[in-house]
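Report on the following structure.
All chains are named by letter (A, B, ...) in the order of the sequence lines, taking the proteins before the strands, and each is independently numbered beginning at 1.
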2 protein chains.
Amino acid sequence: MGTRERRQREFEARERLFLETARRLIRDDGILSLQMARLARACDYATGTLYQHFSSKEDLLVALATRRLQEHADYFCQVADWQAGSRERMFALTVADFRFARKHPGFSRLLQYTFTEVVWESASEDRRAALQRALQPPAKAVRDIVQQAIEAGDLPSHGQDAGALMLGPWGLCAGIQSMIQTRGLLDGLGISEPGRQLYRHAQFLLNGLGWQPLMDPVDDDALSALVKRIEREVLAVERRIRAAEAQEMQR
Amino acid sequence: MGTRERRQREFEARERLFLETARRLIRDDGILSLQMARLARACDYATGTLYQHFSSKEDLLVALATRRLQEHADYFCQVADWQAGSRERMFALTVADFRFARKHPGFSRLLQYTFTEVVWESASEDRRAALQRALQPPAKAVRDIVQQAIEAGDLPSHGQDAGALMLGPWGLCAGIQSMIQTRGLLDGLGISEPGRQLYRHAQFLLNGLGWQPLMDPVDDDALSALVKRIEREVLAVERRIRAAEAQEMQR
DNA sequence: TTCAATGTTTGAATACAATTCAAAAATTGG
DNA sequence: CCAATTTTTGAATTGTATTCAAACATTGAA
């Protein structure tokens, strides 16, 4: 008797409904104006029901970030599987991350907000753990690229493990993206074309790590060509995901 | 008749009182439990008076971040004046930033929170502009180091201006620090000693930029010695600042 | 089928702070 | 000294997150 399982499935479906609706509300009106009561109403449930799923608003935000991160992660993992040299694939992650942020600006802001003490510490331990779990596949994808690069002789290990080596490219990307997010910040510092700068510095760092083949980050033509090539591939991946999503919708 | 000026001075003094008290309250109880009414009471003023200074709680947080940034900036500018090679000075900024974050963990979290859409966009235009102004001196200090390095032949300009070149080291530092801030995040990814990793990757990036003299970031002894040396100098600067502050207190 | 026990949903009530604003107090200038 | 003006006050207002007692639904034993 699958009553318990059915219940469980229904509960999960309702949670997805809440999260998807929250996402839509945030996309339309911003994080600032998300209200628990409105969200519940928009899903035709009472406020209290929402609290069966999420212990607080912050808890919901972390859950939302986790869900979006999973999509981001799929995207990421597929980029990592791209048939190309290890350095190109590593760089492609930076491009993918940047483009994802461009395409879903709300998500990047939500993630930035999520990792803030105020939100992170107000969420439940379970939600934090779930987000950490969602972080594992993309982290593994990156680590694998690093590992393969070491094994192929493209990257000297420097006596470090793959996790340590990936922190730099990841941190660089996250840091610059976060600056880009903050309206007016880079303009105020007189820095233009931040996306281009991100790409350049990612290449500078890979050069510094001795990741072969070295590339001249200020050879704009070569860099643009590479980004274009990656975008073609990334777009293809995106289309595949979108198709898979559409199929799931139909079910 | 200096009545107006006196008023002005008193108003500014009161604002400082509010900000210093807010800082203390946040240090003791965290950002989460800062309450406008409590803060006003702690300063022996009515809630309404607080709103003469700050248009909202977020406005106050941005003002607070600005004030702390100014201290950070002094620290920074003095590090930049340190008598040493351009590369050592550039790296010293990373060390200074990391140590400042260690010493004032609340500040780093506040800054992270400040640049979040939720806070940044809720603050008044004036406060945002003030924060941007406070960012100019440290930005100039960094730019100057880059500029001097180019002029001294330590760093190829790559046809880029100093602002563009500093974005990488700055972003790397900000990104990794932000990850360190989020409790459990790096542990969950199996990354240990993140401070050490930050230093290493900063060096990798400087190497990638071709900033002379190149250094081996995984020569732990050399790196530790350099950090120790910088800490000695940085500590000296800190003491000088602390002395200046004490003097100001007496006035 | 019936019914007590158990679990779930509801939304009005509660709680909590941020923000406002009318009245009181202080200051100014004539 | 006083009327006009500015500043301060803190209780009232407002907006929302969160709770919880009552209503409703489900289950499984008799």
| query | Does A/Thr47 place a side-chain N or O at less than 4.0 Å from the phosphate oxygens OP1/OP2 of C/dG11? | reply |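 Result: no.
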
| query | Would you say C/dT9 has OP1 or OP2 under 4.0 Å from some side-chain N or O of A/Thr49? | reply |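 A/Thr49 to C/dT9 OP1/OP2: no side-chain N or O under 4.0 Å.
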
| request: Output every pair passing ring pair (Phe, Tyr, Trp, His ring centres under 6.0 Å) with a member in residues 28-49 of chain B, not counting sequence neighbours, ordered by first then second residue. | output: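 The answer is B/Phe18-B/Tyr45.
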
| request: Give a yes or no on whether the backbone of A/Leu34 and the side-chain of A/Lys57 come within a donor-acceptor separation of less than 3.5 Å. | output: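 Yes, the answer is positive, given that a donor and an acceptor are paired below the 3.5 Å cut-off.
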
Nearest whole angstrom, please: distance from the [atom2] of [N] to the [atom1] of [X].
{"X": "B/Phe11", "N": "D/dT6", "atom1": "CZ", "atom2": "P", "value": "15 Å"}
{"X": "A/Leu50", "N": "D/dA17", "atom1": "CG", "atom2": "C1'", "value": "11 Å"}
{"X": "A/Tyr51", "N": "C/dG11", "atom1": "OH", "atom2": "P", "value": "16 Å"}
{"X": "A/Glu15", "N": "C/dT9", "atom1": "CD", "atom2": "P", "value": "13 Å"}
{"X": "A/Tyr45", "N": "C/dT10", "atom1": "OH", "atom2": "P", "value": "7 Å"}

At a heavy-atom distance below 4.0 Å, what parts of [range] sit against DNA chain C?
{"range": "residues 115-122 of chain A", "value": "none"}
{"range": "residues 29-44 of chain B", "value": "B/Leu34, B/Gln35, B/Met36"}
{"range": "residues 52-61 of chain B", "value": "B/Ser56, B/Lys57"}

| query | Taking only residues two or more places apart in sequence, or in another chain, which ones meet B/Arg143 in a side chain to side chain donor-acceptor pair (under 3.5 Å)? | reply |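 If we apply the side chain to side chain donor-acceptor pair (under 3.5 Å) test to B/Arg143, skipping adjacent residues, there are no hits.
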
Heavy-atom check, side chain of [X] versus side chain of [Y], under 4.5 Å:
{"X": "A/Thr94", "Y": "A/Ile230", "result": "no"}
{"X": "A/Thr47", "Y": "A/Leu39", "result": "no"}
{"X": "A/Phe76", "Y": "A/Phe100", "result": "no"}
{"X": "B/Ile191", "Y": "B/Leu185", "result": "no"}

| task | Could you tell me which non-hydrogen atom of B/Ala141 sits nearest to which non-hydrogen atom of B/Ala80, and how far apart they are? | result |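 In this case the closest contact between B/Ala141 and B/Ala80 is CB-CB, 3.8 Å.
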
| task | List in chain and number order the residues that pass side chain to side chain contact (heavy atoms under 4.5 Å, CB included) with A/Ala65, two or more places apart in sequence or in another chain; answer none if no residue qualifies. | result |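 If we apply the side chain to side chain contact (heavy atoms under 4.5 Å, CB included) test to A/Ala65, skipping adjacent residues, the hits are A/Leu110, A/Leu111, A/Thr114, A/Leu131.
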
Atom pairs, protein N/O to nucleotides 21-27 of chain C N/O, distance under 3.5 Å:
unit_1	atom_1	unit_2	atom_2	d
C/dT27	O3'	B/Arg7	NH2	3.0

Got a list of side-chain donor-acceptor pairs under 3.5 Å for residues 123-130 of chain B, not counting sequence neighbours?
unit_1	atom_1	unit_2	atom_2	d
B/Ser124	OG	B/Asp59	OD1	2.8
B/Ser124	OG	B/Arg127	N	3.4
B/Glu125	OE1	B/Arg128	NH2	2.8
B/Arg127	NE	B/Asp59	OD2	3.3
B/Arg127	NH1	B/Glu15	OE2	3.2
B/Arg127	NH2	B/Glu15	OE2	3.2
B/Arg127	NH2	B/His53	O	2.9
B/Arg128	NH1	B/Trp120	O	2.7
B/Arg128	NH1	B/Ala123	O	3.2

| said: Under 4.0 Å between a side-chain nitrogen and a carboxylate oxygen: does that hold for A/Glu71 and A/Arg23? | reply: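 Yes, A/Glu71 and A/Arg23 are salt-bridged.
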
| salt_bridge(A/Arg24, A/Glu20) N-O dist < 4.0 Å |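 Looking at A/Arg24 and A/Glu20, the cut-off is not met.
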
Can you give each donor-acceptor pair under 3.5 Å made by side-chain atoms of residues 161-184 of chain A, sequence neighbours left out, with the distance rounded to 0.1 Å?
unit_1	atom_1	unit_2	atom_2	d
A/Asp161	OD1	A/Gly163	N	3.4
A/Asp161	OD1	A/Ala164	N	2.9
A/Gln177	NE2	A/Asp97	O	3.4
A/Gln177	NE2	A/Asp97	OD2	2.9
A/Ser178	OG	A/Gln112	NE2	3.2
A/Thr182	OG1	A/Ser178	O	3.3
A/Thr182	OG1	B/Phe115	O	3.2
A/Arg183	NE	B/Glu121	OE1	3.4
A/Arg183	NE	B/Glu121	OE2	3.0
A/Arg183	NH2	B/Glu121	OE1	2.7

| request: Classify the angle between the aromatic ring planes of A/His72 and A/Phe107 as parallel (below 30°), tilted (30 to 60°) or perpendicular (above 60°). | output: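 Plane angle over 60°, so perpendicular.
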
| query | Which pairs, with at least one residue in residues 26-43 of chain B and sequence neighbours excluded, count as a side chain to side chain donor-acceptor pair (under 3.5 Å)? | reply |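 Of all non-adjacent pairs touching residues 26-43 of chain B, none passes side chain to side chain donor-acceptor pair (under 3.5 Å).
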
| task | For B/Glu193, check salt bridge (Lys or Arg N to Asp or Glu O under 4.0 Å) against everything at least two apart and list the hits. | result |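 Not a single residue meets the salt bridge (Lys or Arg N to Asp or Glu O under 4.0 Å) criterion with B/Glu193.
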
Give each protein N/O atom lying under 3.5 Å from an N/O atom of nucleotides 4-6 of chain C, with the pair distance.
none

